[in-house]
Amino acid sequence: MGDRIIVQGTRPGAAGRDGVIVGLHHPDGTPPYDVRWSNDGRVTEYFPGPDARIHRFRHEDVTVPPHPQVFAD
């Protein structure tokens, strides 16, 4: 979950779309996925085809930078 999926348009002039995988149906991470689409925020069940790419989000590499300290006078 958290990986980005990008779907290219399959015809000339067809718009592509992208979204974030927000749910899995199988413990091994195979499709289908629940995807929240960036164009309208809807979540749909999606079976990726040959026009889809998944950009893996490396969860273990994420670090949150510390917030700067704010001191009151």
Side-chain angles (χ1 to χ4, degrees):
M1 292 196 336
D3 293 342
R4 183 172 178 223
I5 191 158
I6 300 170
V7 183
Q8 299 297 320
T10 57
R11 303 179 319 273
R17 62 184 181 160
D18 68 289
V20 175
I21 297 172
V22 296
L24 302 173
H25 293 256
H26 303 287
D28 64 356
T30 56
Y33 307 122
D34 290 335
V35 176
R36 181 182 318 278
W37 299 105
S38 64
N39 62 335
D40 61 9
R42 290 184 334 138
V43 175
T44 62
E45 186 176 81
Y46 181 70
F47 290 86
D51 57 339
R53 297 187 325 263
I54 296 177
H55 285 247
R56 303 267 180 232
F57 181 72
R58 297 188 64 184
H59 302 276
E60 67 276 4
D61 290 347
V62 174
T63 57
V64 177
H67 293 291
Q69 291 184 344
V70 179
F71 296 98
D73 289 330

Side-chain polar contacts of residues 16-25 - donor-acceptor pairs under 3.5 angstrom, sequence neighbours left out - could you list them?
| residue | atom | partner | partner atom | Å |
| --- | --- | --- | --- | --- |
| Asp18 | OD1 | Ser38 | OG | 2.9 |
| Asp18 | OD2 | Arg4 | NE | 3.4 |
| Asp18 | OD2 | Arg4 | NH2 | 3.4 |
| Asp18 | OD2 | Ser38 | OG | 3.4 |
| His25 | NE2 | Asp34 | OD1 | 2.9 |
| His25 | NE2 | Glu45 | OE2 | 3.4 |

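What you find for Pro31 and His26 is that their closest heavy atoms are O-CD2, 3.2 Å.
With sequence neighbours left out, Asp51 forms a salt bridge (charged side-chain N to carboxylate O under 4.0 Å, His left out) with no residue at all. With sequence neighbours excluded, the residues forming a side-chain contact (heavy atoms from CB on, under 4.5 Å) with Asp40 are Trp37, Arg42, listed by chain and number. Residues forming a salt bridge (charged side-chain N to carboxylate O under 4.0 Å, His left out) with Asp28 (at least two apart in sequence, or on another chain): none. By the salt bridge (charged side-chain N to carboxylate O under 4.0 Å, His left out) test, Arg36 pairs with no residue at all, sequence neighbours left out.
Using a 4.5 Å heavy-atom cutoff, the side chains of Tyr33 and Asp3 are not in contact.
Cluster membership check: Val43 does not share its hydrophobic cluster with Tyr46, using side-chain heavy-atom separations under 4.5 Å among Ile, Leu, Val, Met, Phe, Trp and Tyr.
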